[in-house]
Amino acid sequence: MITRDSRKKIIPPTQLCVKAGFVVSSPEDKDKKIILLNEGELVALDPKSNKVVFKILPGNLVGVGALLERESVRYIFQATVDSSITIINNECLESELKSLPVWLLAVIKAISARTRKINDSIRSAKTDNVLASLASFCKFYKSDDFLQTKALLQEFSWLTKTPIPAASEALKALIRRKLVVFHGDKTCLSVPNPYLLGIFSDYQKAKDLDKPWGPFCLTLQQKRILVLLSTLENGTSKDATDWISFFKERNLPINVADWLQIQQFEWFTEKGNHLLSLDLKKINYYETALKYAQNIKGTV
Amino acid sequence: MEIAAGKILCMQGDTPHSFYIVKKGTLVATYKDEQNDIQTKNLGPGSTFGEMSLVEGEPLEYTVRAEEDCEIEVIPQSLFQETMAKQPIWMKSIISFLTQRNRIAKENKRKKEFITSFPSLLFILAKSEDKLISLKTIKNELKNFSNLSSIETYKLLLILQDFKLIRLQAESFTIENEKLIELLYDTLRLRAIYKNTSHYILSLTEQAVLSAFVKAAREKGEIQPNGHIAVKTTDLAAQTKHSMYGMTLTMRNLESLLQKRLLQAAPQTSTKNNDLPGLEFIEKFSADFDRLLSLLELNRIYPLLDKKLVDGKTNA
């Protein structure tokens, strides 16, 4: 554990008593500084309008962002009454920081970095995977909708705060996969199969999480079962033993372990009384994903 | 402190009030979100974590497990306090300023995500083919557009419920006014992208005339073959005078509504400024009644929306 507190040469802060009206800091100052108000009152003035933006009361300090984060100073700080202030300039702060234990310096840096990261994330896009997000956006349109490319990108960019160039790149990726089709001179586009875009978005999200994605994990036997199930009526219900026998009768023998794996695909929903009801919606999802595997994987 | 490979150092949600510095080896930090999706990051030598737990007593965001045998420097809160006591007062102020700034940044982020996710929610609802939507579905769909938490998503739904656009049930909600959701979304979209005020946003005079039309239509309206409702000009003028504190209906009041095609005159008339006929030449006015109701409702809730989103307060 680091416990040493070896104080090196420390440059002390400057103590000042200033008269009312004295400007203690302004955006034009070359040297950045932290100002701690000991007594009196300071006001922050907007340099353009000269209006008071906020007041600083004893015990408060300003200029930390400017000195520690190299941020620009936005306001003029002026004393409204005779005041006592402490000025911590760069040399003073550095000498003090050098005397701190390494771990405390790390704490300060970590908090600053954390705040910077939050502020950056406020300005950045709201989703990590723009391609999946754009696919999810496009899936809400109908296949016979003719959409203006520019307007669509603007709308998507507004909703997700994705910059237009990044959204355009994602659109190109959807075009390459033939999930979205341009018309004319690329000013218009349409979504031939909106349902497929939803599936594509799911695939992308699974990829982001490094998770195996159901439709692309099927064995040959499971694919055959999928085809067989797609010929049945929605809601067909049997208990587990009957389903296993059903597959066996159709030359698709499976054991209990295979059956448990199939259940993970959510092709059946529990209906009570140990009955498992076929969910054709889910079957269709898997079938569509397999049919358009090349489009989804981007190997068109 | 030494920690053997595979051992868990701390759990997500714990408040150890300590700061950690990795000196040797690699640890894996895993973060489980609300949907139990797991994100990981490696913490090698020189990595630090737990600063907000040390200074503010905040819970840890990650579960940290040693990937291999590791050596960790642990700074407990007692050492932090002891060290800070030796520092000049302004150093304490700097640290409290930094933590306060971090808190403000987090709150700003939360507020911004909340407000900017609202149009995405409207978009999903406006385009949805189902009227009954499960909360799970909407949370998953919204996740494609923003990183809003489940709690915040629910708060947005409560705002929509306050405006009677949806009705919440235990695990789902029903869309109550699809048309209005669409109008509201379009209005916000036009404002944000094209910096235009939607023509659905009406002036006070327009609202007054349309409100009078709605009242007159309820009392004396006639259904037209195209499904619109017609009101005789004399009835509309009387209703306007009665409900709008003596306001006299003129073609000037009606001009913009005719131009926006919210009202249609019979017989049809030119809406160009200089060609407006006198009101006495118009026999009746007709309109799509449901659309008018939605528009008037839009104009009632639109001015309240920004405040409601900023405050985040709901009737629930």
Side-chain angles (χ1 to χ4, degrees), chain A residues 1-3 5 7 10 12-13 34 36 59-62 64-65 67-68 86 88 93 96-97 99-104 106-112 114-119 121-122 126-129 132-133 135-137 139-141 151 154-161 201 205 208-209 211, chain B residues 1 19 21 37-40 46 48-52 54-56 73-76 79-80 82-84 86-91 93-99 101-106 108-109 112-113 116-117 119-120 123-124 126-129 141 143-148 188-189 192-194:
Chain A
M1 198 180 286
I2 306 166
T3 51
D5 185 18
R7 290 196 167 244
I10 289 173
I34 294 171
L36 172 66
N60 288 350
L61 75 171
V62 292
V64 179
L67 201 56
L68 281 180
T86 303
I88 300 131
L93 181 70
E96 194 67 45
L97 291 178
S99 74
L100 292 181
V102 180
W103 62 262
L104 187 51
V107 168
I108 293 172
K109 278 185 182 170
I111 296 172
S112 277
R114 181 181 274 267
T115 308
R116 211 176 310 124
K117 207 173 151 191
I118 294 170
N119 286 334
S121 77
I122 291 175
K126 292 197 278 176
T127 53
D128 299 330
N129 187 334
S133 184
S136 294
F137 173 72
K139 80 174 180 191
F140 284 102
Y141 290 97
Q154 279 178 325
E155 191 174 349
F156 173 72
S157 170
W158 165 56
L159 289 177
T160 60
K161 304 288 166 254
S201 174
K205 281 182 267 177
D208 285 348
L209 294 168
K211 270 185 184 173
Chain B
M1 171 186 178
F19 180 64
I21 303 169
D37 288 340
I38 293 169
Q39 290 165 6
T40 59
T48 61
F49 57 97
E51 62 278 2
M52 295 312 284
L54 175 82
V55 180
E56 292 275 273
E73 177 88 40
V74 184
I75 311 296
L79 177 60
F80 173 67
E82 194 183 299
T83 311
M84 286 312 292
K86 292 178 197 160
Q87 302 303 321
I89 188 130
W90 55 267
M91 184 57 82
S93 299
I94 285 177
I95 290 184
S96 81
F97 176 88
L98 289 175
T99 51
R101 217 164 66 125
N102 183 267
R103 243 193 329 262
I104 292 168
K106 267 195 272 187
N108 285 346
K109 186 177 182 223
K112 194 173 177 201
E113 265 175 5
T116 58
S117 296
S120 303
F123 172 80
I124 296 166
K127 300 279 179 193
S128 172
E129 285 175 4
E141 289 292 357
K143 228 176 157 39
N144 294 319
F145 295 86
S146 78
N147 287 319
L148 203 65
L188 295 180
R189 184 175 61 87
I193 300 178
Y194 303 107

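Within every chain, numbering begins at 1; the chains are lettered A, B, ... in the order of the sequence lines, protein sequences first and strands thereafter. Since this is a predicted model, take the numbers as computed values, not measurements.
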Quick check on K112(B) against chain A: is it the side chain, the backbone, both or neither that has a heavy atom closer than 4.5 Å?
side chain
Heavy-atom pair with the smallest gap, counting every atom of E155(A) and I193(B):
CA-CD1, 3.6 Å
Locate the shortest heavy-atom distance separating F140(A) from E141(B); write the atom from each residue and the value.
CZ-OE1, 3.7 Å
Which atoms of S201(A) are under 4.5 Å from chain B, going by heavy atoms: the side chain, the backbone, both sets, or neither?
side chain
Of T116(B), T48(B), L188(B), the largest count of non-hydrogen pairs under 4.5 angstrom with chain A goes to T116(B)
Chain B contacts, top residue of T86(A), D128(A), L97(A), I88(A) (heavy-atom pairs, under 4.5 Å)
I88(A)
Do the side chains of F97(B) and I34(A) get nearer than 4.5 Å, heavy atoms only?
no
Find the one option among N108(B), L98(B), T99(B) whose heavy-atom pairs under 4.5 Å with chain A are most numerous.
L98(B)
Just to verify, what does E56(B) make a salt bridge (Lys or Arg N to Asp or Glu O under 4.0 Å) with, not counting sequence neighbours?
R103(B)
Taken in chain and number order and not counting sequence neighbours, the residues that satisfy salt bridge (Lys or Arg N to Asp or Glu O under 4.0 Å) with K161(A) are none
Here the gap from M84(B) atom CE to L100(A) atom CG, rounded to the nearest 0.5 Å, amounts to 8.0 Å
So do the side chains of I94(B) and L93(A) get within less than 4.5 Å of each other, counting heavy atoms only?
yes
For T115(A) and R101(B) the tightest heavy-atom approach is CG2-O, 3.9 Å
Is it the backbone or the side chain of E129(B) that comes under 4.5 Å from a heavy atom of chain A, or both, or neither?
side chain
Give, as side chain, backbone, both or neither, the part of F145(B) having an atom under 4.5 angstrom from any heavy atom of chain A.
both
Is chain B contacted by the side chain of L67(A), its backbone, both, or neither, given a heavy-atom distance below 4.5 Å?
neither
At a 4.5 Å cut-off on heavy atoms, which part of L159(A) comes close to chain B: side chain, backbone, both, or neither?
both
Interchain contact, S117(B) with chain A, by part (heavy-atom threshold 4.5 Å)
both
With a 4.5 angstrom heavy-atom cut-off, which part of A151(A) approaches chain B: side chain, backbone, both or neither?
both
Check the surroundings of atom CD1 in I89(B): do more than 12 heavy atoms from other residues, nucleotides or ligands lie under 6.0 Å from it?
no
From OG (S99(A)) to CD (Q87(B)), nearest 0.5 Å:
6.0 Å
For F49(B), is it the side chain, the backbone, both or neither that has a heavy atom under 4.5 Å from a heavy atom of chain A?
neither
Over 60° means perpendicular and under 30° means parallel, so classify the ring planes of F123(B) and F137(A), tilted if in between.
parallel
Which atom of M91(B) lies closest to which atom of I108(A), heavy atoms considered
SD-CD1, 4.5 Å
Chain B contact via T160(A) - which portion, at a heavy-atom distance below 4.5 Å:
both
Per-residue contact mode, L36(A) against chain B (heavy atom under 4.5 angstrom):
side chain
Taking all atoms of both residues into account, what is the closest heavy-atom pair of N144(B) and T127(A), and its distance?
O-CG2, 3.2 Å
Select one option (side chain, backbone, both, neither) describing which atoms of K109(A) are under 4.5 Å from chain B's heavy atoms.
neither
What are the two closest heavy atoms between W158(A) and A192(B), and how far apart are they?
NE1-CB, 3.0 Å
Under 4.5 Å heavy-atom distance to chain B, tell me which part of L104(A) shows up: side chain, backbone, both or neither.
side chain
